[in-house]
Number of protein chains: 2
Amino acid sequence: MPATEGETRLPTTGATDDPVPGDAGPAADGVPGDTARRAVTLRDVARRAGVHPSTASRVLSDSRPVRPELARAVRQAARELDYQVNQIGRALRRQESGTVGMVVPEIDNPFFPEMVQAIDRALHRQGLGLFLCDANNDPELEADRLRVLLRRQVDGVIISPVHRERSAEAIRSAAREVVVVQVDRSVDAHTDVVAVDQGQAIGLLIDHVTSLGRRRIAFITCDDSVSTAAERLAAYRARMAGDRDALGRVYAGDLSLRWGGEAVRTMMAAPTPLPDALICANDLIALGAMQRLRWAGVRVPDDIAVTGIDDTPFGRVCEPELTTVRQPVDQIGDEAVAMLRRRQHDPGLAPRRLTLSPELIIRRSTTTGGIHAPS
Amino acid sequence: MPATEGETRLPTTGATDDPVPGDAGPAADGVPGDTARRAVTLRDVARRAGVHPSTASRVLSDSRPVRPELARAVRQAARELDYQVNQIGRALRRQESGTVGMVVPEIDNPFFPEMVQAIDRALHRQGLGLFLCDANNDPELEADRLRVLLRRQVDGVIISPVHRERSAEAIRSAAREVVVVQVDRSVDAHTDVVAVDQGQAIGLLIDHVTSLGRRRIAFITCDDSVSTAAERLAAYRARMAGDRDALGRVYAGDLSLRWGGEAVRTMMAAPTPLPDALICANDLIALGAMQRLRWAGVRVPDDIAVTGIDDTPFGRVCEPELTTVRQPVDQIGDEAVAMLRRRQHDPGLAPRRLTLSPELIIRRSTTTGGIHAPS
DNA sequence: CAGTCGCGGGCATTCGATTGCCCAATTGAA
DNA sequence: TTCAATTGGGCAATCGAATGCCCGCGACTG
């Protein structure tokens, strides 16, 4: 178990289970209707305001003009009763829920929380809610989550597919019922896509390490099942093939910390000379790889320059800090939501693919020249 | 801007926006009803099976026995039409949605994705969906998210409150309408709570560093607004007061990487002697702190032992690997969901507080004796 | 053999909000 | 002054599924 190497565990056992102090039991609570109080409905508001429910509805969702004094009465009644629309009722009638579903492949990869936050903010600005699901890197689970979302009548789905092929069917089927936007990763389906130019990302990185005089450039990535990784790999291959001095080598696994370490171990065990630059398909791999290099006494960047992709916060606190490429998450979020809305209003539009540009961020894992410890 | 010290950015500009190849336009798609096909309803199934909708309903949600041949016909019709229950309709009638809402304070803190995954798994086992929201560390936003969840008729809410006091009102108000379980963090409200014994966590850490001969033990934490941090601080204070040899010092900020670095900078600038152990209120702080120590040429653990809390994966790939305390996220998830269900079935139950035990994980940030680089 | 019971299917109502339609009242125009 | 147009409120149907109630039929019992 490589993950626990060099660590010791001191377990402590036992759990306590207390009644909450100051709460003597079920009936001892002085607050009446503490649980399960029937909610206030539109009818209640209407009755109190002395109007018909339809009038109340029109005031509160102002769908049609209502005489000012009645409107005021309704609004006041709503305030007094603390009326909250029942979104379920509204959704049933309107056939839309004001909610967008999102499926991410792995919420524990720090890139995705960042993207989720960006999308959440963008949706919130539009008054839309977000129903977030994690596919746990499993296309089956992903399909299941999509199904759940559709049954809940989400108005749209934003998804970053787990698998380039095995996710396709579920996404196509979802796209038949609802607006779908793919973000970052994508499969071949008739949906809008907001992507990042992965070829450019790899280009920036290879240009950078090449400009530092590195020629033996290895690439640690996951297998081709992830669309972005496939694009990165293709770009890497094209680039390396175009430079006859350069020497490439690819290690394909997954996008985890663990694999970064594993790949380096394999690499070091091989009889071939070590590369002088290591392009990693994301920051996690890079972090795992750097740890293993450290263990092996290989110096970064002196012996090997290392780069990541995603610009997660952890690339800024490792030793040395990680050169990486930033994917513009905020822009991805804004554009994805914009596309979703556009298409909701006009479902006939042709699907579009928007490709955004990444940004190279140079830190000490590739250059020794930088500032080290600022005062 | 401390976060970008020692880094250079090479921006690239431009974005491309292409029509998806192979899709000539709105009407060019051969698939009929590619978008917005009316969904199959229970009536459709019933009609096809030649029965009344109520019968179909009884078969599909088997709420009452139906003659086998009819049942078979209904099931087949459902299969043929690919019928999916409309959860909105069901929710309206049943007055429950089969969905649990969850609000986390900061999804970009890697502890929370782990807990979310655990809870998601536990809910999934019960056939329940999860509606996840991020409060972005803002009690106002948190209250807003709670309101959204309630309007969507979630059957329960699992929340880890942002603020010990400022989150309380919203949580109490939510608890009046729906079952609420607080996890990890908590506020004073009449709800079930699944917590981790933070006093024990601090105890384990202080015992550990004390056993290594350290006596000048500083504590970097966030302010008291986070309940768990407040408990940790109280435990730290009690512990330090009980040992007259020990020398304490507290740095209060927030739970971020950034604050870890900031606190160390403050610490180093002070005229007082450096501590020989640094207890950090979570792994993020510890990572930030270790980086700053490294910049300052302070050796970990030789000069200062450093510990975190949460056992996030990043504590395993930093240099040196981080001694920490693991919160039992899986157990938290299981228990939280169990409590939720119990209380849904019996709303009269007295609120309970379950306190789980953390586990000490010793790594090289406190001990030099461990294995370094395994072959 | 009459009476009772249970089974199972269908009818119609309900959940809460929205909206098409009708109609009364008011306004405006000719 | 008369008629048309506009405004605005109410009625009732609707979204999709679930369910209380009734009823017919067959089985069983005394």
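Lettering follows sequence order; numbering is per chain, from 1.
- Taking atom CZ of residue B/Arg93 and atom P of nucleotide D/dC15, one finds them 17 Å apart after rounding to whole Å.
- Taking atom CZ of A/Arg90 as the reference point, atom C1' of D/dG16 lies 18 Å away to the nearest angstrom.
- Across the interface with DNA chain D, nearest-nucleotide mapping of B/His52 and A/His52 shows A/His52 to be the residue nearer the 5′ end.
- Here the C1' atom of nucleotide D/dA18 and the CG atom of B/Leu42 are 9 Å apart, to the nearest Å.
- Listed for the B/Thr99 side chain is a donor-acceptor partner under 3.5 Å among the backbone atoms of B/Ser97.
- With sequence neighbours left out, the salt bridge (Lys or Arg N to Asp or Glu O under 4.0 Å) criterion links A/Arg64 to no other residue.
- Within 4.0 Å of B/Ser54, counting heavy atoms only, lies at least one base atom of the nucleic acid.
- In the set D/dC15, D/dC11, D/dA17, the nucleotide with an atom closest to the side chain of A/Gln95 is D/dC15.
- We find that OH of B/Tyr83 is positioned 7 Å from C1' of D/dG16, with the value rounded to whole Å.
- Atom CD1 in B/Ile88 sits about 11 Å away from atom P in D/dA17, given to the nearest Å.
- Ion pairing of B/Arg343 with B/Asp192 is present here, as a side-chain N (NZ or NE/NH1/NH2) and a carboxylate O approach within less than 4.0 Å.
- Taking atom CG of residue B/Leu92 and atom C1' of nucleotide D/dT14, one finds them 12 Å apart after rounding to whole Å.
- One interatomic measurement links the two molecules: CZ of A/Arg151 to P of D/dC15, which rounds to 21 Å at whole-angstrom precision.
- Between A/Leu60 and B/Leu70, the residue anchored closer to the 5' end of DNA chain C is B/Leu70, taking for each the nucleotide with the nearest heavy atom.
- At the heavy-atom level, B/Ser57 lies under 4.0 Å from base atoms of the strands shown.
- A straight line from CZ of B/Arg43 to P of D/dC15 spans 8 Å, rounded to a whole angstrom.
- With rounding to the nearest 0.5 angstrom, the CZ atom of B/Arg47 is 10.0 Å from the CG atom of B/Leu81.
- Rounding to the nearest 0.5 Å places CG of B/Leu132 at 9.5 Å from CG of A/Asp134.
- Within the structure, a side-chain polar atom (N or O) of B/Arg94 is placed less than 4.0 Å from OP1 or OP2 of D/dA18.
- Remark: the backbone N or O of B/Glu140 is paired with a side-chain donor or acceptor of B/Asp138 at under 3.5 angstrom.
- On the nucleic acid side, DNA chain C contacts chain A at distances under 4.0 Å to non-hydrogen atoms, with the end points of that region at C/dG16 to C/dC21.
- For the residue pair A/Arg147/B/Gln84, the side-chain donor-acceptor check at 3.5 Å is not satisfied.
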